[in-house]
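Each chain gets a letter, A, B and so on, in the order the sequences are listed, and its residues count up from 1.
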Amino acid sequence: MASLPDHLQSTAVGRERLPREIVAEYQRDRILLAATGVFAEHGYPGATIDQIVAAAHVGVGSFYEHFENKEACFIAAYDRVAASVRGAVIAASAEPGLWSERLVAGLRALLEAIEADPAAARLALVEVHTAGEAVLAHHARHLEEVADVLRVGRSQGGASVGLPQSLEFATAAGLSWYLQERIAAGAAGRANTLLPELLEIVAEPYLVA
Amino acid sequence: MSEQTGRDDLALRLARLPPGRHGLPRDFVARNQRDRLAAGIIAVVAASGLNQATVAEICAAAGVSRRTFYAYFSSKEDCYLETYGRIVEYVRDAADEAAATADDWPGRVAAKLKTPLELFAANPDLARFSLVAPQRAGGPVTARYRQLMSQAVEYLCEGMPLPPATRAPSEAVGASLIGGMVALVVRELEEGRGGELPRLLPDLLELFLTPYLGRVAAAAAVEASG
């Protein structure tokens, strides 16, 4: 059997695969964006795959090409939001400066992210609790990471000797709880006004005499 | 030992009765069925969460029929919320009683925190039902839980000396404190240390009192409570 010259074979295959992957990636993103809105509006227990595919303008078959079920879709949507906010907070707080200045910058980035996308905030801080054990484990890892970052405050404040070991975990979880409560009360759209409260929650334990 | 009686009243003593009428007067049986349903939903929800729990499982655990269930409750959420209300009332009564013997505000806070820690340590199902399940249920159940958490802060702050004897942190601090304390309790439960919950008392007390009293006075209060 006669074969094509090499240069024709390989490029033909390569050219065909690349766009398909890009299309798939684009479609997955579109589903996740739509799912974020649906989960925020109806809550995880009440949301259906039908609502998600309708909002994403894709077929049910496309949904299952990307996700095994509703839970897998929620986890992917959560991870997408969490990665983006985590990146924004790290970038903001990485600027050189005093601990307090970096803390303010990090918290401000967190609140700006909440204000810019209330649906994503609701997904990541409110609905995450109702979506099963697997995504809660992802959330718990983020809280532990926040606790590790906060622990740096021990060497910065004036009152850091003898603080309870559990302080930072309690602060991270308390912050998450406070934000959840505010977002559930419909305050995500003015999250930026919460900066003084967040600073009080996070920094006071290291400063109070 | 009124504490023991109260705890039993929480459907736990009656839960041990085998199903059936036992030739008891009708109103007692009705109460008994209601109590058994309370014990049933506590066990089922503690094991699998409210959204996964079914009325059939609750009935099976309680040893009553579906018909009986719907004679008392319109839904599992209805049954959950009523049972939750009874637990909250019981914990509050027991905490009031324990706090009555303390002679200052920090002592009353210590008593109020110690009461649920001891109760939940003796019955981790009750802790899962009361602290884990409602956060994971969503909807009206989570809304009720949020309301109760904010009431818990008010309850702990009752009778607090006014500034300048105390500092005046914002309401956000109270909300964060209750969220953080519950998270520490839940972490113990998740890691299978539910029976050791009272060990958390010194940390919880210090975390809670510090924003109100400052660190020195809070540390002294923790010392006094131990």
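Using a 4.5 Å cut-off between heavy atoms, A:V126 touches chain B through its side chain atoms alone. Contact annotation for A:L136: only side-chain heavy atoms (C-beta onward) come within less than 4.5 Å of a heavy atom of chain B. Both the backbone and the side chain of B:L184 come within contact range of chain A, judged by heavy atoms closer than 4.5 Å. With a 4.5 angstrom heavy-atom cutoff, B:Q52 does not touch chain A via any of its atoms. Of the atoms belonging to B:P202, not a single heavy atom falls under 4.5 Å from chain A. Both the backbone and the side chain of A:L167 come within less than 4.5 Å of a heavy atom of chain B. Looking at B:T142, the atoms closer than 4.5 Å to chain A (heavy atoms on both sides) all sit in the side chain, from C-beta outward.
Around the CZ atom of A:R108, the shell of radius 6.0 Å holds no more than 12 heavy atoms that belong to other residues, nucleotides or ligands. For NZ of B:K114, the number of neighbouring non-hydrogen atoms (other residues, nucleotides, ligands) closer than 6.0 Å is 12 at most. Atom CZ of A:R86 is surrounded by 12 or fewer heavy atoms from other residues, nucleotides or ligands within 6.0 Å. Enclosure of atom CZ in A:R190 is not indicated, since only 12 or fewer non-hydrogen atoms of other residues, nucleotides or ligands lie within 6.0 angstrom. Surrounding CD of B:E223 are at most 12 heavy atoms belonging to other residues, nucleotides or ligands under 6.0 Å away. In this structure, B:E191 places its CD atom where more than 12 heavy-atom neighbours from other residues, nucleotides or ligands lie under 6.0 Å away. By the 6.0 Å contact criterion, CD on B:E190 is enclosed, its count of non-hydrogen atoms from other residues, nucleotides or ligands being greater than 12.
Distance check, rounded to the nearest 0.5 Å: OH of A:Y44 to CG of B:N51 gives 9.5 Å. The distance from the CG atom of B:L207 to the OG1 atom of A:T171 is 7.5 Å, given to the nearest 0.5 Å.
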With side-chain contact (heavy atoms from CB on, under 4.5 Å) as the test, would you mind laying out the steps for B:R146 and A:Q180 before giving the verdict? CA-CA 10 Å; B:R146 282 194 199 103; A:Q180 181 203 158; 3.0 Å; yes
List the steps, then state whether side-chain contact (heavy atoms from CB on, under 4.5 Å) holds for A:L163 with B:E206. CA-CA 9 Å; A:L163 292 170; B:E206 186 167 355; 5.5 Å; no
Quick one, B:R136 with A:E133, criterion salt bridge (charged side-chain N to carboxylate O under 4.0 Å, His left out). Give me CA distance, side-chain angles, the key distance, then yes/no. CA-CA 9 Å; B:R136 299 184 183 180; A:E133 299 286 328; 2.7 Å; yes
After noting the C-alpha distance and the side-chain angles of B:M181 and A:W177, does the key distance pass the side-chain contact (heavy atoms from CB on, under 4.5 Å) rule? CA-CA 11 Å; B:M181 293 195 296; A:W177 171 254; over 6 Å; no
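By number of non-hydrogen pairs under 4.5 angstrom with chain A, the leading residue of B:S176, B:G49, B:A217 is B:S176. Of the listed residues (A:P196, A:G132, A:S166, A:A173), the one with the most heavy-atom contacts under 4.5 Å to chain B is A:S166. Chain B forms more heavy-atom pairs under 4.5 Å with one residue of A:H129, A:E204, A:Q165 than with any other, namely A:H129.
For B:E82, the side chain to side chain contact (heavy atoms under 4.5 Å, CB included) test picks out B:R34, B:F73, B:R86, with sequence neighbours left out.
The minimum heavy-atom distance between B:A183 and A:F169, with the atom names listed, is O-CE2, 3.8 Å.
A donor-acceptor contact under 3.5 angstrom links the side chains of A:E200 and B:S170, judged on distance only.
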